[in-house]
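What follows is a set of notes on a single structure, which appears directly below.
Chain identifiers are assigned alphabetically (A, B, ...) following the order of the sequence lines, protein sequences preceding nucleic acid strands; residue numbering begins at 1 within each chain.
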There are 2 protein chains.
Amino acid sequence: MIYSSELIKGTLKTIILKLLRDQGRMYGYEITQKVKDLTAGKIQLTEGALYPSLHALEAEGILTTETEYIGKRMRKYYSLSKAGSTLSQEKVSEFADFIQTMKFLLDIKTDLA
Amino acid sequence: MIYSSELIKGTLKTIILKLLRDQGRMYGYEITQKVKDLTAGKIQLTEGALYPSLHALEAEGILTTETEYIGKRMRKYYSLSKAGSTLSQEKVSEFADFIQTMKFLLDIKTDLA
DNA sequence: AAATATACATCGGTTTCTTATGTATTGATC
DNA sequence: GATCAATACATAAGAAACCGATGTATATTT
């Protein structure tokens, strides 16, 4: 089962920032594969969503980049800046809180209000 | 703390469908208040998002409506159709699964791949 | 040699939400 | 009894974010 696309909306940045915090540095394609592996294929990031998002985060100073070549093929590695490291923690905390709230909201069986 | 807007994106339909399954029938304003109450103000649905979404769900045959008047003030009650009842369960299940996946994804401390 | 995988990038269109605006009634406060 | 807040609907322009397609090129597998 692959999640309906609207579900994943808004979580992309959080996923990127968390992976980079764990992995140190990653390149775009690697991120798509890592997410696919870790979620058993349930979340498949599209390049059309990922690359613009990475570019935006870089422009905001959240990510820094280093370009390397494996043979003739380019790899653009992304890492967290200091601001990115802070933001990564904030985003994950916020999402953890959000999960709790949604769990409660979606588990209600009786009228609690 | 109010969640950043992009976090909530894509969850509106699920929230509506779940609440209607629990409550039987609700009107728009009631939904905004109920969500606010149940989430301690952390999720505040805006009318500009809610009403178009309700209209769309009605047009798709997911929701049915009855209009009533309290004095001279209109209330438009929404209920789940049969298709809506099925969809409600599917959406909540999908979200529950999504939560599990995201929890795993955001909790990784070490390289598991 | 052909197909698949790796690796980047952009762009048009769609969906979804935000912010603002508009109308009107009802209840509370002063 | 006037004013403000709450209740209750609705729409509409613009922004944000993503999808799907397209494009380029190298490397690996079959």
CA sep, side-chain torsions, deciding dist, call: A:E58, A:K76, side-chain contact (heavy atoms from CB on, under 4.5 Å): CA-CA 12 Å; A:E58 186 186 2; A:K76 200 166 162 187; 4.0 Å; yes
Relative to the 5' end of DNA chain C, which residue comes earlier, B:S5 or A:Q33, by the nucleotide with the nearest heavy atom?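 Nearest-nucleotide comparison on DNA chain C picks A:Q33.
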On DNA chain D, check which nucleotide each of A:G10 and B:H55 is closest to and give me the residue with the more 5' one. B:H55
If you find the nucleotide of DNA chain D closest to B:Y27 and the one closest to B:P52, which residue's nucleotide is nearer the 5' end? B:Y27
Give the residues of residues 86-95 of chain B touching DNA chain D, defined as any heavy atom closer than 4.0 Å, sorted by residue number. none
DNA chain D contacts among residues 39-49 of chain A, heavy-atom distance under 4.0 Å: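 Correct list: A:T46, A:G48, A:A49.
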Strictly below 4.0 Å, heavy-atom distances to any atom of DNA chain C: list the hits from residues 56-78 of chain A, or just say none.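 Going residue by residue through residues 56-78 of chain A, the ones with a heavy atom under 4.0 Å of DNA chain C turn out to be A:R73, A:M74, A:R75, A:K76.
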Axis-to-axis angle across the helix from C:dA1-D:dT30 to C:dC30-D:dG1, five pairs each end, nearest 10 degrees, ~ 30°
Can you measure B:I2 atom CD1 to C:dT19 atom P for me and round it to whole angstrom units?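 Interatomic distance, CD1 of B:I2 to P of C:dT19: 11 Å.
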Nucleotide range of DNA chain D lying under 4.0 Å from chain A heavy atoms: D:dC18 to D:dA27
Which pairs, with at least one residue in residues 78-88 of chain A and sequence neighbours excluded, count as a side-chain hydrogen bond (donor to acceptor under 3.5 Å, both in side chains)?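 Sorted pair list: A:R21-A:S88.
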With rounding to the nearest 0.5 angstrom, report the CG to CG distance, A:L80 to A:L20. 5.0 Å
